[in-house]
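Quick notes on the structure that follows.
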Number of protein chains: 2
Amino acid sequence: MSRERHLAYMTVDLVILTVRGGKLQVVLVRRGKPPFEGQLALPGGYLEGEETLDETALRELREETGLDGTRLHLEQLHTYSDPKRDPRGRVITTAYLALVPELERLVAGSDACEALLMPVDDALSGDLLAFDHSMILRDARERARWKLEYTTVAAAFCKEPFTVSDLRRVYEVIWGFELDPSNFRRKVTKMDGFLEATGQVTDSRRGRPAALYRRGPAELLTLPLLRARTRRL
Amino acid sequence: MSRERHLAYMTVDLVILTVRGGKLQVVLVRRGKPPFEGQLALPGGYLEGEETLDETALRELREETGLDGTRLHLEQLHTYSDPKRDPRGRVITTAYLALVPELERLVAGSDACEALLMPVDDALSGDLLAFDHSMILRDARERARWKLEYTTVAAAFCKEPFTVSDLRRVYEVIWGFELDPSNFRRKVTKMDGFLEATGQVTDSRRGRPAALYRRGPAELLTLPLLRARTRRL
DNA sequence: TCAAAAGTGTTCTACTTACACCCATGC
DNA sequence: GCATGGGTGTAAGTAGAACACTTTTGA
């Protein structure tokens, strides 16, 4: 039995998604040193000192984008451990998913010489990304789609305050089809805790001004599904 | 800047859940050596050699229960990285969730002197478990409840072939309330790909014999939710 | 024949869908 | 006025909840 207890390097990779120009986009960096020098990759870095992975993710997010992850949707996705995933040796990475409303600045990190925003579809076409980052990005997009279906995270893509149409456009971009504006509005406004009215309206450029909302406290979209006869046992 | 790249030991901890005696139960081991000697803990072990975490989880599951994880529901849950979570030093663990229909045998692992099944509620009352395993178990139960709501994993708790009532009892135990048998049956049988009829029936002990089913190929429970006007963009 | 569990039918209600229509603004 | 997007009303269809009722077995 080769019962060697393996010491491994731990890294965190970030999938930072945003909606821009009618497309779901991801933050990528061009690697400034080997391995995969010059290729595109997800931003990330080593776990340092006494950090938790969450803290590493927050630090990397700040270094890369200047954003404060504590006020954003930032969640752990999955841990990737294929021994061949990094040619340098045993490097295990935990991927985090960040959903951000906008990106004011993109800051190049220490081992990146360039940070950029790219449509997810483009990033996944061909074999563009370093390491196993194509797989990670695919998993992240799946998770985002799934979460939109069952939770209120779509609002995490909207800069507050936002309109019902802003929110609807997020769903349309990520799901790839149009939603009926009137029915969509009824559903999200009637759902308890999804949206909070600010009382303000947009100063419209075209058409009637739209009411402005903030994110509400609700996180899950409730649905009856298999439930019936909800008598407590 | 203390930019030391941290080497860490990686472990895998298993949350093996099953439904027995009308309760959700979890497999625990009594630790045979320090730290936390004599206390209860989730079964787990070190990542070894060139294993992936998935392979470690499969190996541990087989060692602990004799079960073949490739034929069960086994999924990665979350990675826990608090630097103080293990008094021995920096040990990062990835938790896996296994849903099993039954446990024929429980095999004590190398650093465990005893493996046992315990109701999840009991395991979480007080501060029974070693390390951060109470938190892991709580997270696992949350994930299981959530997955029952949106996927067909409930069937993973049922030994094939099973009846609609067997399946319903799983939901009732995990959600904590009764479901209407007739409406439940209609929903799960009408849902495409959830159940596959075997054509067989139980040899009933009481009442009319029940039709027997196998798990179908479907994994997600489809629901319209926010969707309307599904015209492709 | 009775009890018990499986399974079907039926009514009422609530929600979804599709779409007509009104509202408020800029030009 | 007219175009544009915001927002409401509503009729038809669908799906869930509740529960009465039938079926099939063991005792």
Side-chain angles (χ1 to χ4, degrees), chain A residues 22 149-150 155 158 161-173 175 177-192 194-214 221-233, chain B residues 22 148-150 158 161-173 175 177-192 194-214 218 220-233:
Chain A
E149 192 97 49
Y150 301 113
C158 296
F162 54 89
T163 68
V164 173
S165 295
D166 292 338
L167 184 62
R168 178 169 46 83
R169 264 168 226 123
V170 169
Y171 283 92
E172 291 178 336
V173 163
W175 285 344
F177 48 78
E178 284 176 24
L179 300 172
D180 182 284
S182 36
N183 292 331
F184 179 84
R185 123 168 246 92
R186 232 186 314 253
K187 279 186 219 181
V188 296
T189 52
K190 276 195 180 153
M191 207 166 273
D192 273 356
F194 197 165
L195 298 180
E196 272 176 11
T198 62
Q200 306 298 106
V201 292
T202 54
D203 38 329
S204 84
R205 323 179 105 268
R206 262 211 314 270
R208 174 174 171 175
L212 288 166
Y213 295 87
R214 272 187 299 270
L221 301 179
T222 53
L223 54 142
L225 217 60
L226 287 170
R227 306 193 170 189
R229 176 84 69 89
T230 57
R231 175 155 33 95
R232 287 255 144 216
L233 280 178
Chain B
L148 246 65
E149 192 97 47
Y150 300 113
C158 298
F162 54 89
T163 69
V164 173
S165 294
D166 293 338
L167 184 61
R168 177 168 47 81
R169 265 169 225 122
V170 170
Y171 283 94
E172 291 178 336
V173 163
W175 284 345
F177 47 78
E178 284 177 23
L179 300 172
D180 182 283
S182 35
N183 290 332
F184 179 84
R185 128 168 243 91
R186 233 186 313 254
K187 279 186 220 182
V188 297
T189 53
K190 276 196 181 154
M191 208 167 273
D192 273 356
F194 197 165
L195 299 179
E196 271 176 10
T198 62
Q200 305 298 107
V201 291
T202 54
D203 39 328
S204 83
R205 322 178 105 268
R206 259 209 319 267
R208 174 172 170 177
L212 288 166
Y213 296 86
R214 272 187 298 269
L220 293 181
L221 301 179
T222 54
L223 54 142
L225 218 58
L226 287 169
R227 306 196 172 188
R229 177 84 70 88
T230 57
R231 175 155 33 93
R232 285 258 145 211
L233 281 179

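Just so we're on the same page: letters track the sequence lines, and every chain starts at 1.
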Next item on the list: State, with a plain yes or no, whether a side-chain heavy atom of B:Tyr150 is found less than 4.5 Å away from one of B:Leu220.
Entry: no
Next item on the list: Using a 4.0 Å cut-off on protein heavy atoms (strictly under), produce a 5'-to-3' string for nucleotides 8-14 of chain D with B for base contact, S for backbone-only sugar-phosphate contact, and - for none.
Entry: BBB----
Next item on the list: Ignoring backbone atoms, establish whether B:Arg206 has a side-chain N or O less than 4.0 Å from OP1 or OP2 of C:dA5.
Entry: yes
Note to self: From C-beta outward on A:Ala210, which listed nucleotide comes closest to its side chain: D:dG6, C:dT16, C:dA18?
What the structure shows: D:dG6
Note to self: List the residues meeting side-chain contact (heavy atoms from CB on, under 4.5 Å) with B:Arg208, not counting sequence neighbours, and say none if there are none.
What the structure shows: none
Notebook entry, point to check: What residues form a side-chain contact (heavy atoms from CB on, under 4.5 Å) with B:Arg169, not counting sequence neighbours?
Noted result: B:Ser165, B:Asp166, B:Glu172
Note to self: Rounded at 0.5 Å granularity, tell me how far CG in B:Asp180 sits from NZ in B:Lys187.
What the structure shows: 8.5 Å
Checklist line | Distance, rounded to the nearest Å, where B:Asp180 contributes CG and C:dG7 contributes P | finding: 14 Å
Note to self: Let me test you: for the helix from C:dT1-D:dA27 to C:dC27-D:dG1, what is the angle between the axes at its two ends (five pairs each), rounded to 10 degrees?
What the structure shows: 10°
Report all interatomic pairs (protein N or O, nucleotide N or O of nucleotides 1-3 of chain C) with separations under 3.5 Å.
none

Next item on the list: Give B:Thr163 one of three labels, base, sugar-phosphate or nothing, depending on what nucleic acid heavy atoms sit under 4.0 Å from its own.
Entry: nothing
Check: Please give, in whole Å, the distance from D:dG16 P to B:Leu179 CG?
Finding: 14 Å
Next item on the list: For the side chain of B:Ser165, starting at C-beta, report the closest nucleotide among D:dG6, C:dA6, D:dT25.
Entry: C:dA6
Item checked: Gap separating the CG atom of A:Leu212 from the CZ atom of A:Phe162, nearest 0.5 angstrom -> 9.5 Å
Check: Is the distance from OP1 or OP2 of C:dC15 to the nearest side-chain N or O of A:Lys190 less than 4.0 Å?
Finding: no
Next item on the list: Report the residues that fulfil side-chain contact (heavy atoms from CB on, under 4.5 Å) with B:Ala211, sequence neighbours left out, ordered by chain and then residue number.
Entry: B:Tyr213
Note to self: If you define the side chain from C-beta out and look only at heavy atoms, does anything of A:Val164 sit under 4.5 Å from A:Leu195?
What the structure shows: yes
Notebook entry, point to check: Hey, does A:Pro209 have a side-chain heavy atom less than 4.5 Å from the side chain of A:Asp203?
Noted result: no
Note to self: Contact between B:Arg168 and B:Pro181 at the side-chain level, heavy atoms closer than 4.5 Å - yes or no?
What the structure shows: yes
